[in-house]
Amino acid sequence: MRPYLIFLLSWFIPGSGHFIQKKHTKAIVFFSGILLLVVLGIVMEGKFFLPYTETSNNYGVVQRQFHPLLILGFLGDLGLGLFNLVVNLLGFAKGNIESVTYHYGTTYMVSAGLLNYLVALNAFDIARRKK
Amino acid sequence: MIFKSHLISMLIFSGVVSTLIATIRFDELKKIKKEGIKLFLYMSVGIIVGSWIINFL
C-alpha cells in the first residue's frame, strides 16, 4: 500500500496505519490512547474548536470573525479524523464554559488530534522505509 | 463532572501523552517504558515547578 494512503488511513482511523503494517500492539495503544483522551475531554465538558467566533449586532445579525489561533485549534481537532466526525454528528463536545474542567477537556481533545498527526506520520515513515 | 483536581487531570494527561509519544518513538518495550517514564517525569515535575514559580508572580 502506498505511504500516502497509509497516512490518510491512519489519520482517519487512529492506529489503522500501524495495524495494516502488522504492528498490532502499537495500533491498539494508539487507538485506545487517543480514544481515551477524546472520551475524557467530552466527559470534562470540553469543546471542539471552531475556526471563528460568532457575534450578533444590535439588529440580531450574526457575524463570523475568523481568528488565526482558533484556526490552529480547529486544525488540531481535525487531526482526530473519524472521532471528530462521530463526536460532531452525535452532538457532543459543545463545551460548557462554566465547568471547572472546560479548559482541560478542550486541551485533552486538541492534544489527541495533534498526537494522531504524529501517529499518522510515523505510519507513513514505516511504510516508506519498507518500500 | 470528573477530575475537579487540576493536579490529577494534569497527571492523567501526562501519563497518556508520554505513553503515546514513547510508543511512537521506539519499538522495543524496554525502551518504550524508559522513555515513557522519563517523559512523564519531565512533564509532571516541570508543570509542578512552573506552577509553584508562577504562584509567586
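- At a 4.5 Å heavy-atom cutoff, the contact between A:F30 and chain B is made by backbone and side-chain atoms alike.
- In this structure, A:Y108 has its ring center closer than 6.0 angstrom to the ring center of B:F13.
- Comparing A:L118, A:D125, A:L37 by how many heavy-atom pairs each has under 4.5 Å with chain B, the most go to A:L37.
- With a 4.5 Å cut-off on non-hydrogen atoms, A:L121 does not touch chain B at all.
- Aromatic ring pairs are classed by plane angle as parallel below 30°, tilted from 30° to 60° and perpendicular above 60°; the pair A:F124 and A:Y4 is tilted.
- Using a 4.5 Å heavy-atom cutoff, the side chains of A:L80 and A:V38 are in contact.
- When each of A:L115, A:T25, A:I34, A:V119 is checked for heavy-atom pairs under 4.5 Å with chain B, A:L115 comes out on top.
- Within the 4.5 Å cutoff, the side chain of A:E45 has no heavy atoms near those of the A:Y102 side chain.
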